[in-house]
Amino acid sequence: MAKLKLTKNEQKTQKDALKMYQRYLPTLTLKKQQLQSEIRIIDEKAKAVRAQKKSLEADFEKWISVFGEKEAFTPDIVTVRNIKKGWSNIAGVKIPIYEGADFGRGDYDLYSSPLWIDMAADRMEKALELDLEAEVLDEQVRLLSKELRTTTQRVNLFEKVKIPETKRNIKKIAVFLGDEQVAAVVRSKISKKKLQSVAGESKEAAE
């Protein structure tokens with residue numbers, strides 16, 4: 001760290017730095033709070049989506065077992081062809097938004113397959129959609145959490161390091177400059193007395 005210069009120019013530099021830290025700290029603190037709030041909301045949404053998927057899968061298992069032909073349905077009947085994503089911005093962070101997906105259907109004989117196979121495939125698509133949505137929500141949380149860590153570090157840096165350090169520097173310079181001013185006044189008085197003394201002696205010698 002550079003040695004602190006005990007000068008008026010340095011004092012101004014430190015005061016300007018303090019103003020900047022105090023101006024940006026509330027903005028950073030607000031951003032931190034916003035990120036924390038958004039992360040909580042998205043995390044709760046992801047949990048709700050996964051709970052919905054779990055409930056759907058449980059109903060799906062019961063529904064298939066009723067027909068007694070569970071082996072007729074295999075997961076590869078439905079495949080994900082394309083995931084649609086948009087983008088949004090939260091507190092300056094670019095995050096993906098789930099906008100749906102395109103699915104493909106495997107080949108199966110409409111005549112030999114059970115009548116309920118299409119309905120089962122529809123339910124499978126819904127379960128996959130919920131899974132994909134939860135994954136995008138997880139990605140949102142990951143990106144926002146990364147920004148939250150950076151913002152928290154900056155808040156702590158300003159709040160616990162930079163602002164107290166700058167205040168100490170300003171005080172140190174002020175004390176030094178004050179002492180210098182007092183010393184200058186004392187030196188001036190001593191010099192004046194010496195000059196008066198020398199002038200007096202010269203006058204006496206002249207008489």
Side-chain angles (χ1 to χ4, degrees), residues 20 23-161:
M20 182 190 72
R23 186 169 67 249
Y24 284 116
L25 180 58
T27 303
L28 287 171
T29 302
L30 187 63
K31 181 177 180 179
K32 176 184 173 181
Q33 292 169 349
Q34 184 184 357
L35 287 167
Q36 288 172 329
S37 176
E38 290 292 342
I39 288 169
R40 280 195 296 271
I41 291 169
I42 295 169
D43 194 48
E44 286 300 315
K45 188 176 180 181
K47 287 178 182 177
V49 169
R50 286 198 165 91
Q52 190 180 348
K53 184 200 170 190
K54 189 175 180 180
S55 175
L56 182 67
E57 287 178 335
D59 288 343
F60 186 60
E61 287 292 324
K62 291 176 184 176
W63 185 75
I64 289 181
S65 63
V66 169
F67 291 92
E69 299 171 294
K70 189 175 179 180
E71 67 281 353
F73 184 84
T74 56
D76 59 356
I77 286 178
V78 178
T79 56
V80 180
R81 286 183 176 174
N82 178 48
I83 302 171
K84 300 172 186 175
K85 292 181 185 179
W87 296 93
S88 185
N89 189 299
I90 293 178
V93 183
K94 187 179 179 182
I95 60 169
I97 302 294
Y98 180 72
E99 294 183 342
D102 295 323
F103 297 96
R105 296 284 176 94
D107 293 328
Y108 51 89
D109 192 330
L110 293 174
Y111 296 99
S112 61
S113 298
L115 296 175
W116 51 264
I117 200 75
D118 283 331
M119 293 173 63
D122 289 341
R123 292 196 176 203
M124 183 69 178
E125 281 186 12
K126 180 59 179 174
L128 284 171
E129 274 221 276
L130 291 170
D131 203 32
L132 292 170
E133 184 180 357
E135 286 177 6
V136 173
L137 291 170
D138 287 345
E139 178 65 7
Q140 290 179 7
V141 169
R142 188 189 70 78
L143 292 170
L144 292 174
S145 295
K146 182 181 177 182
E147 184 67 17
L148 176 61
R149 285 192 296 273
T150 301
T151 304
T152 300
Q153 287 171 355
R154 286 176 182 161
V155 168
N156 290 338
L157 178 65
F158 280 23
E159 199 171 53
K160 299 177 182 179
V161 180

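All of these numbers come straight from a predicted model, not from anything done at the bench.
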Exercise. So do Phe103 and Leu128 actually touch side chain to side chain, heavy atoms under 4.5 Å?
Worked result: yes
For this session: If a pair satisfies ring-ring contact (aromatic ring centres under 6.0 Å, His included) and one of its residues is in residues 122-160, list it, with sequence neighbours excluded.
Result: Tyr21-Phe158
Problem set entry | Backbone of Val141 reached by a side-chain donor or acceptor of Ser145 within 3.5 Å | yes
Exercise. Taking all non-hydrogen atoms of both residues, which atom of Arg123 and which atom of Leu56 are closest, and how far apart?
Worked result: O-CD2, 3.8 Å
Side-chain polar contacts of residues 24-46 - donor-acceptor pairs under 3.5 angstrom, sequence neighbours left out - could you list them?
unit_1	atom_1	unit_2	atom_2	d
Thr29	OG1	Leu25	O	2.9
Lys31	NZ	Glu147	OE2	2.7

Atom pairs and distances, side-chain donor-acceptor, residues 132-139, under 3.5 Å, sequence neighbours left out:
unit_1	atom_1	unit_2	atom_2	d
Asp138	OD1	Arg50	NH1	3.3
Asp138	OD2	Arg50	NH1	3.3
Asp138	OD2	Arg50	NH2	2.4
Glu139	OE1	Arg142	NE	3.1
Glu139	OE2	Arg142	NH2	2.9

For this session: Quick one: pull up CZ in Arg105 and CZ in Arg81 and give me the separation to the nearest 0.5 Å.
Result: 10.5 Å
Sequence neighbours left out, cut at 3.5 Å: what donor-acceptor pairs do the side chains of residues 83-101 make with other protein atoms?
unit_1	atom_1	unit_2	atom_2	d
Lys84	NZ	Asp102	OD1	3.3
Asn89	OD1	Gly92	N	2.9
Tyr98	OH	Glu129	OE2	2.8

Exercise. For the atom pair CG (Leu148) and NZ (Lys146), what is the distance rounded to the nearest 0.5 Å?
Worked result: 13.0 Å
